[in-house]
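The next block holds one structure in the form of structure tokens; read it before the comments.
First listed ligand is number 1; within each ligand, the first listed atom is number 1.
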Amino acid sequence: MTIIVTGGAGFIGSNFIFYMLREHPEDRIVCLDKLTYAGNLSTLAPVLEHPNFRFVRMDICDRDGVYGLFEEERPDLVINFAAESHVDRSIEDPSVFLQTNIIGTSVLMDACRKYGGVRFHQVSTDEVYGDLPLDRPDLFFTEETPICTSSPYSSSKAGADLLVHAYQRTYGLPTTISRCSNNYGPYQFPEKLIPLMIHNCLQEKPLPVYGQGLNVRDWLYVEDHCRAVDLVVRKGGIGQVYNIGGHNEMRNIDIVRLIVHELGRSEELITYVTDRKGHDLRYAIDPAKIHAELGWLPETRFADGIRRTIRWYLEHRDWWEPIITGEYTQYYEKMYGNR
Ligand code: NAD
Ligand code: DAU
């Protein structure tokens, strides 16, 4: 198979490319990525010379470019990881989220139609379901939970999901959607909770916890997500949605304390700051469908995965230090300077 993986220079996409080249040496992977602030070509350095791999710098909204690439590569499958992915940035400026996450997804699906029913997989998020109350631990997101978004980011992802549904129904495009909970692991951009707390801790900088730190996220090791997407694109039912999550709910403050202790720093670094606008309270996935239909279960326990992740950041300062000294400095000042 020839598989176009969009957004492969980002966090989950790069982990997915490493996974696929290792697990499916018979497949050819073409990575299409615009290299926005969140994309990093150095992440893909170990595979750039791989005979079954090609990197193309391109915007998924560039219709002519995308059609040209499809003409050249004639892919069997497209997996769309490309997105603007950070909720806080979407609150500052939604426009690029609408452009990439909605328009970009439609361009990719138009190309799939034009070149003959190419299978299309949309990597979506549990955030399309909105949030769950903190005092109802019995409630979980299922694939039937209504879409009810809170942020411009999640709304743009929900818009894309609806378009995928429409393309399947209207044009018969062979599509699938997966909605995963929060990922953690190597190569996550330093603006997200876990890497941000790790590198701030290492620099003895304040650890900015939004509100009271009581919001709950359902954490999954990135490789478990990659394995689930691989299963969905090979064995998932056309037109189906699959939730992905490992029943691993944690309060933000507990994650931050765990990182502080692992790195041998003081809890005095923890600083409570103004809450995120519209902050979702709790995410929790019911993964029964993907387990029953495709046999997927997470393999990495949080206690192991988080230690592995912290060690990775300790051993790969050469990856994240150049990032946090560039444009990120202004971003950090704008978001956290007066918070
Ligand atoms: P990321 O921000 O780390 O990476 C996004 C990648 O997409 C970058 O390489 C960037 O250069 C590329 N990109 C952005 N705009 C583009 C465009 N217009 N054209 C081409 N490439 C473009 O994101 P991530 O955390 O790896 O998330 C990947 C996908 O998974 C996203 O669709 C996100 O919504 C979804 N998701 C993420 C999580 C999570 O916890 N990180 C959980 C569930 C779902
Ligand atoms: O649930 C899946 C989603 O998970 C993905 O769709 C998104 O792309 C991904 O970014 C992530 O969204 P979150 O908003 O949950 O992740 P983030 O790392 O930004 O924040 C996690 C929690 O930590 C959230 O409750 C906000 C809080 N937080 C975050 C940051 C960056 C803080 O308290 N302080 C911070 O500095």
Below 4.0 Å, non-hydrogen atoms only: which portion of [X] touches ligand 1? Side chain, backbone, both or neither.
| X | answer |
| --- | --- |
| Lys157 | side chain |
| Leu35 | backbone |
| Phe189 | neither |

Seminar exercise, completed: A student checking ligand 2 against Tyr336 at a 4.0 Å heavy-atom cut-off should list atoms 30 (C), 31 (C), 35 (C), 36 (O)

Exercise. Just which atoms of ligand 2 are under 4.0 Å from any heavy atom in His86?
Worked result: 19 (O)

Got the closest protein heavy atom to [atom], with its distance?
| atom | result |
| --- | --- |
| atom 1 (O) of ligand 2 | Asp126 OD1, 2.5 Å |
| atom 3 (C) of ligand 2 | Glu127 OE2, 3.0 Å |
| atom 8 (O) of ligand 2 | Ser85 O, 2.8 Å |
| atom 5 (C) of ligand 2 | Tyr153 OH, 3.6 Å |
| atom 20 (O) of ligand 2 | Arg276 NH2, 3.9 Å |

Winner among [options] once heavy atoms are compared against [atom]:
| atom | options | value |
| --- | --- | --- |
| atom 15 (O) of ligand 2 | Arg251, Arg217, Glu191, Lys192 | Arg217 |
| atom 33 (C) of ligand 1 | Tyr153, Phe97, Phe81 | Tyr153 |
| atom 23 (O) of ligand 2 | Asn252, Val256, Leu281 | Asn252 |
| atom 28 (N) of ligand 2 | Phe189, Tyr184, Tyr210 | Tyr210 |
| atom 16 (O) of ligand 2 | Asn182, Asp88, Leu193 | Asn182 |
| atom 5 (C) of ligand 1 | Gly13, Ala83, Ser85 | Ala83 |

Hey, is [X] one of the residues with a heavy atom under 4.0 angstrom from ligand 1?
| X | answer |
| --- | --- |
| Met58 | yes |
| Ser124 | yes |
| Ser14 | no |

Problem set entry | Minimum heavy-atom distance between Ile238 and Pro174, given as atom pair plus value |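 Heavy atoms of Ile238 and Pro174 come nearest at CD1-CB, 3.6 Å.
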
Exercise. What atoms in ligand 1 come closer than 4.0 Å to a heavy atom of Gly7?
Worked result: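 Here the atoms of ligand 1 in question are 6 (C), 7 (O), 9 (O), 12 (C).
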
Problem set entry | Sub-4.0 Å atoms of ligand 1 with respect to non-hydrogen atoms of Asp59 | 17 (C), 18 (N), 19 (N)

Exercise. Under 4.0 angstrom from ligand 2, any heavy atom of His279?
Worked result: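 Distance cut 4.0 Å: His279 passes for ligand 2.
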
For this session: Output yes when the distance from some N or O of ligand 2 to some N or O of Asp280 is under 3.5 Å, and no in every other case.
Result: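 No, since none of the N or O atoms of Asp280 sits under 3.5 Å from an N or O of ligand 2.
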
For this session: For this output row, return yes or no: ring centroids of Tyr37 and Tyr328 closer than 6.0 angstrom.
Result: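 No, the ring centres sit 6.0 Å or more apart.
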
Exercise. Would Lys205 count as a cation-pi partner of Tyr336, with NZ or CZ less than 6.0 Å from the six-membered ring centre and within 45° of the ring normal?
Worked result: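 No, a cation-pi geometry is absent between Lys205 and Tyr336.
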
For this session: With Arg308 as the cation and Tyr221 as the aromatic partner, state whether NZ or CZ is under 6.0 Å from the six-membered ring centre and within 45° of the axis.
Result: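 Yes, cation above the ring, under 6.0 Å and within 45°.
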
For this session: Taking ring pair (Phe, Tyr, Trp, His ring centres under 6.0 Å) as the test, write out the residues that go with His86, two or more places apart.
Result: none

For this session: Would you check whether Phe11 has a nitrogen or oxygen atom less than 3.5 angstrom from a nitrogen or oxygen atom of ligand 1?
Result: yes

